[in-house]
Amino acid sequence: MITAAATVAVYVEDTDASLGFWVDKVGFEVRVDRAMGAERWVEVGPPGAATALVLYPRKMMKGWESQRASIVFECDDIEATYATLVERGVSIELELRDMPWGKFAAFQDDLGNSYGLRQK
């Protein structure tokens with residue numbers, strides 16, 4: 001039986017720049033950073049979480065332009081998480097608001113990919 005999603009790929013232009021965004025601005029930890037031929041396989045994720053993002057080099061993925069991840073991150077305290085992202089200069093796509101299912105916000109990484117936030 002499947003017990004968890006292990007990784008979700010985010011297609012990146014510059015692995016180091018994306019790594020800086022996810023670690024320095026969002027607060028994720030590096031799980032894996034190893035050579036993959038001339039490139040690197042890098043996984044980052046929230047401390048203690050089972051799932052990680054793979055910062056996958058675009059040049060290694062044919063058709064990456066049409067690939068879009070739909071990722072929503074869950075937060076214990078969405079208001080504090082939102083405030084931290086704003087403080088760290090993360091681009092906010094959708095300001096924190098009450099939705100029929102609870103509080104929700106969305107942000108963008110440095111490449112313009114969108115990610116949601118919801119209260120746990």
Side-chain angles (χ1 to χ4, degrees):
M1 296 295 268
I2 295 172
T3 59
T7 62
V8 176
V10 175
Y11 304 108
V12 302
E13 187 68 35
D14 180 324
T15 300
D16 288 323
S18 293
L19 186 59
F21 173 83
W22 288 105
V23 172
D24 299 335
K25 290 188 174 182
V26 180
F28 282 11
E29 64 185 8
V30 177
R31 304 271 180 79
V32 176
D33 188 347
R34 64 176 176 251
M36 183 174 65
E39 298 296 328
R40 291 162 42 211
W41 181 269
V42 178
E43 295 179 13
V44 296
T51 304
L53 297 180
V54 175
L55 305 181
Y56 200 90
R58 288 178 173 175
K59 60 185 156 191
M60 294 186 64
M61 180 64 175
K62 184 177 182 179
W64 69 265
E65 302 91 345
S66 63
Q67 305 286 328
R68 294 289 182 255
S70 177
I71 302 169
V72 176
F73 295 107
E74 202 166 69
C75 310
D76 287 329
D77 183 343
I78 193 170
E79 291 172 353
T81 301
Y82 179 84
T84 298
L85 295 178
V86 169
E87 180 181 298
R88 292 179 178 169
V90 173
S91 177
I92 301 300
E93 182 177 56
L94 179 67
E95 292 185 9
L96 184 61
R97 61 186 60 191
D98 289 315
M99 302 296 269
W101 62 86
K103 292 187 182 284
F104 186 82
F107 67 96
Q108 291 185 341
D109 64 16
D110 295 338
L111 298 172
N113 295 310
S114 298
Y115 304 91
L117 295 173
R118 72 177 187 196
Q119 182 80 34
K120 183 174 182 181

Next on the checklist: Which residues pass the side chain to side chain contact (heavy atoms under 4.5 Å, CB included) test with R118, not counting sequence neighbours?
Outcome noted: V72, E74, F104
Checklist entry - Does the side chain of F107 come within less than 4.5 Å of V86's, by heavy atoms? => result no
Checklist entry - Excluding sequence neighbours, so at least two apart, what forms side-chain hydrogen bond (donor to acceptor under 3.5 Å, both in side chains) with E93? => result Q108, S114
Item to check | Side chain proximity check, L53 to I71, heavy atoms < 4.5 angstrom | outcome: yes
Item to check | With sequence neighbours excluded, residues passing salt bridge (charged side-chain N to carboxylate O under 4.0 Å, His left out) with D33 | outcome: R40
Next on the checklist: R88: which residues meet the salt bridge (charged side-chain N to carboxylate O under 4.0 Å, His left out) condition with it, sequence neighbours left out?
Outcome noted: none
Next on the checklist: Tell me the closest heavy-atom pair linking Y56 and A9, and the distance in Å.
Outcome noted: CB-CB, 4.4 Å
Item to check | Working for salt bridge (Lys or Arg N to Asp or Glu O under 4.0 Å), residues E29 and R31 | outcome: CA-CA 6 Å; E29 64 185 8; R31 304 271 180 79; 3.0 Å; yes
Checklist entry - Of all residues at least two apart in sequence or in a different chain, which pass the side-chain hydrogen bond (donor to acceptor under 3.5 Å, both in side chains) check with D98? => result K103
Checklist entry - For the atom pair OG (S18) and CG (L111), what is the distance rounded to the nearest 0.5 Å? => result 5.0 Å
Checklist entry - If you round to the nearest 0.5 Å, how far is CH2 of W22 from CG of L55? => result 8.0 Å
Checklist entry - Would you say Y115 and V10 make side-chain contact, with heavy atoms under 4.5 Å? => result yes
Checklist entry - How far does CD1 of I92 sit from CG of L117, to the nearest 0.5 angstrom? => result 7.5 Å
Checklist entry - From R58 CZ over to E39 CD, what is the distance, rounded to the nearest 0.5 angstrom? => result 13.0 Å
Checklist entry - SG/C75 to CG/L85 distance, rounded to the nearest 0.5 angstrom? => result 8.0 Å
Item to check | Residues forming a side chain to side chain contact (heavy atoms under 4.5 Å, CB included) with Q119, sequence neighbours excluded | outcome: I78
Checklist outcome for this item: Across all chains, not counting sequence neighbours, the side chain to side chain contact (heavy atoms under 4.5 Å, CB included) partners of A17 are D14
Checklist entry - Among all residues two or more places apart in sequence or in another chain, which pass the ring-ring contact (aromatic ring centres under 6.0 Å, His included) test with Y82? => result none
Item to check | Partners passing side chain to side chain contact (heavy atoms under 4.5 Å, CB included) against E87 (at least two apart in sequence or in another chain) | outcome: none
Item to check | Partner of V44 by side chain to side chain contact (heavy atoms under 4.5 Å, CB included), out of V32, L19, T7, V26 | outcome: L19
Checklist entry - Shortest non-hydrogen contact from G27 to P47? => result O-CD, 3.9 Å
